[in-house]
Amino acid sequence: MISEKMKDLVNNNSVIRQMFEEGQIMAEKYGKDKVYDFSLGNPNVPAPERVKETAISLLENEDPLALHSYMNNAGYPAVRKKIADSINRKFGTSFDESNIMMTVGAAAGLNCALKAILNDGDEVLTFAPFFVEYKNYVANYGGILHAIEPDTSTFQPDLAAFEERISSRTKAVIINSPNNPTGVIYSEDTIKGIASVLEKKQKEFGIEIYLISDEPYRELVYNGDDVPYVTKYYDKTIVCYSFSKTLSLPGERIGYLVVPKEADDTNELFTAITIANRVLGCVNAPSLFQKVVAECLDEKADIDFYKENRDILYKALKEAGFTCIEPQGAFYLFVKSPVEDEKEFVAEAKKEHILVVPGSSFAGPGYVRISYCVSRETIVNSLEGFRRLAEKYGLAGL
Ligand SMILES: Cc1ncc(COP(=O)(O)O)c(C=O)c1O
């Protein structure tokens, strides 16, 4: 018999995954080219050529025993040093290998960070809409996640509501920029505002609050906008990075955490995070792909492809009369549902063979998320269906 906690998770199994599975069934029934599946954030441009070349070269030239062996829980020191140097070059920081722990993607990075800091009953805050797994990750360690309602005119965090919501039990805040599901980049003013609220509340309550910056989409930015490097604004920051999207390597499970010494000058936090990595069963990040990414730190998958997808879809949706803000990064559009209950709209869209995810899965009811990391044909061939939906709901096109 499975545990009560797992029963809840089984009964509320991810809507996104369910839609993906439904999409596969529909594709079999109607033909793959007749189903427009915008449900999953799975990169669909290949990894840069250098990834393959580096992997082959490592497999051919390195001592296999060394290449595939266990290691320090934090990962290869030389890889961590290269990553620290690369961050320093890009953002003017001063990290070294003692600030970097290699992780099994951002998902495991978040879990390691949360395990290292949370006590039972601790509160973690985040800004709605948010990546749905945060709630599960926080609950894994006895924490409780609270979401702050969005300002839907910009989808930048509402700082007044944030300040109001912090309590003496607040242990951490998770932010995600560029954001899944809105595509919004948190501006420098927003980051400064969050930092100043946190400084104030730490003093007021005599507590320590960590800011966890979840950044798997950091490099997926379309108009040259800056994504502020959060450690420069607030000392108690933990950066959670992943190569899943930037290098199109989600299945390889590779990323890292940055733990600045300002976050904890005793080094206890870094040690706790590496032990969390071990006791959670990750042990260490995949050895081959640590070495691969260390040689690909200046590489990016072809993000122009996503940008063109974004431009085509955004323009067509606006012209048809849909409401949404132009995403600055990541590969999602967060579109206002033409009816209050967005699940009704999701069901109508399905009749057009268009699969989109209800915003309530991200604590953003009344909206739907469209992942545009799909083929160009999927984008172009779906447009008629979106136009028919707009007509059905009487939306006024541009
Ligand atoms: C906001 C956010 N955080 C974390 C993750 C997990 O990424 P990873 O594949 O690196 O575990 C995702 C994946 O979609 C995401 O969208």
Side-chain angles (χ1 to χ4, degrees), residues 15-17 19-20 22-24 26-27 32-47 129-132 155 176-185 216-225 227 242 244-250 300-338 342 345-346 349-350 352-359 361-362 364 367-390 398:
V15 176
I16 304 175
R17 285 264 151 200
M19 296 211 68
F20 176 66
E22 217 176 313
Q24 291 190 317
M26 283 172 75
K32 216 167 172 257
D33 58 330
K34 305 267 179 333
V35 177
Y36 316 113
D37 186 352
F38 296 100
S39 60
L40 215 60
N42 212 357
N44 79 319
V45 296
F130 63 89
F131 177 54
V132 62
F155 284 106
N176 167 226
S177 166
N179 185 265
N180 173 10
T182 64
V184 161
I185 295 174
Y217 303 96
R218 168 166 281 283
E219 263 76 40
L220 268 61
V221 170
Y222 303 117
N223 302 334
D225 296 290
V227 183
S242 165
S244 290
K245 320 284 177 175
T246 315
L247 293 182
S248 290
L249 296 174
K300 274 187 207 179
D302 177 12
I303 67 165
D304 285 345
F305 178 81
Y306 297 135
K307 182 178 183 311
E308 277 170 47
N309 274 1
R310 177 198 70 159
D311 292 345
I312 296 169
L313 193 54
Y314 176 72
K315 184 165 171 280
L317 291 176
K318 292 292 278 186
E319 279 174 0
F322 286 99
T323 305
C324 62
I325 46 168
E326 186 181 24
Q328 300 161 282
F331 36 48
Y332 308 106
L333 271 158
F334 205 52
V335 180
K336 195 161 167 43
S337 163
E342 86 276 11
F345 176 63
V346 169
K350 213 177 282 172
E352 294 286 351
H353 298 180
I354 292 174
L355 300 180
V356 295
V357 183
S361 303
F362 307 91
Y367 287 77
V368 295
R369 187 191 77 171
I370 302 179
S371 294
Y372 54 83
C373 47
V374 295
S375 72
R376 185 64 41 78
E377 296 75 56
T378 299
I379 298 272
V380 172
N381 296 338
S382 70
L383 298 182
E384 268 312 307
F386 278 114
R387 284 186 199 117
R388 276 194 295 271
L389 284 166
L398 290 179

Check: Between D311 and K315, is the closest basic N to carboxylate O distance under 4.0 Å?
Finding: no

Note to self: Salt bridge check, E326 against R310: does any charged N sit closer than 4.0 Å to a carboxylate O?
What the structure shows: yes

Between atom [atom1] of [X] and atom [atom2] of [Y], what is the distance when rounded to the nearest 0.5 Å?
X    : Y    : atom1 : atom2 : result
M19  : E22  : CE    : CD    : 6.0 Å
K32  : S375 : NZ    : OG    : 7.5 Å
L313 : S371 : CG    : OG    : 10.5 Å
F131 : S361 : CZ    : OG    : 12.0 Å
D33  : H353 : CG    : NE2   : 11.0 Å
C373 : L220 : SG    : CG    : 9.0 Å

Would you say [X] and [Y] make side-chain contact, with heavy atoms under 4.5 Å?
X    : Y    : result
N223 : K307 : yes
K350 : L355 : yes
V374 : N42  : no
I379 : E308 : no
V368 : V346 : yes
S177 : Q328 : no
V356 : V335 : no
P129 : P181 : yes

Notebook entry, point to check: side chain to side chain contact (heavy atoms under 4.5 Å, CB included) between T378 and N309: does it pass, once the steps are laid out?
Noted result: CA-CA 10 Å; T378 299; N309 274 1; over 6 Å; no

Any donor and acceptor pair, going by atom type alone, linking the side chain of [X] with main-chain N or O of [Y] inside 3.5 Å?
X    : Y    : value
S248 : P43  : no
D37  : S39  : yes
N179 : V184 : no
E219 : T246 : no

Margin query: F334 vs I325, test: side chain to side chain contact (heavy atoms under 4.5 Å, CB included). Steps then yes/no.
Written below: CA-CA 7 Å; F334 205 52; I325 46 168; over 6 Å; no

Which heavy atom in [X] sits nearest to a heavy atom in [Y], and how many Å separate them?
X    : Y    : result
P178 : N176 : O-ND2, 3.4 Å
F362 : V132 : CD2-N, 4.5 Å
F322 : A390 : CE1-CB, 3.8 Å
P46  : A301 : O-CB, 4.0 Å
L249 : A47  : CD2-CB, 4.0 Å
Y332 : G41  : OH-CA, 3.5 Å

Margin query: Please verify the inter-ring angle class for Y222 with Y372; under 30° counts as parallel, over 60° as perpendicular, anything in between as tilted.
Written below: tilted

Note to self: As a test of understanding, state which of L389, T323, L383, L333 forms a side chain to side chain contact (heavy atoms under 4.5 Å, CB included) with L317.
What the structure shows: L333

Next item on the list: Start with the C-alpha distance between I303 and F331, add both sets of side-chain angles, then the distance that settles side chain to side chain contact (heavy atoms under 4.5 Å, CB included), and finish with yes or no.
Entry: CA-CA 9 Å; I303 67 165; F331 36 48; over 6 Å; no

Note to self: For F38 and V357: C-alpha separation, side-chain torsions, deciding distance, then whether side chain to side chain contact (heavy atoms under 4.5 Å, CB included) applies.
What the structure shows: CA-CA 8 Å; F38 296 100; V357 183; over 6 Å; no

Note to self: Is the distance from the ring center of Y367 to that of F155 below 6.0 Å?
What the structure shows: yes

Checklist line | Aromatic ring proximity Y36/F386, centre distance under 6.0 Å | finding: no

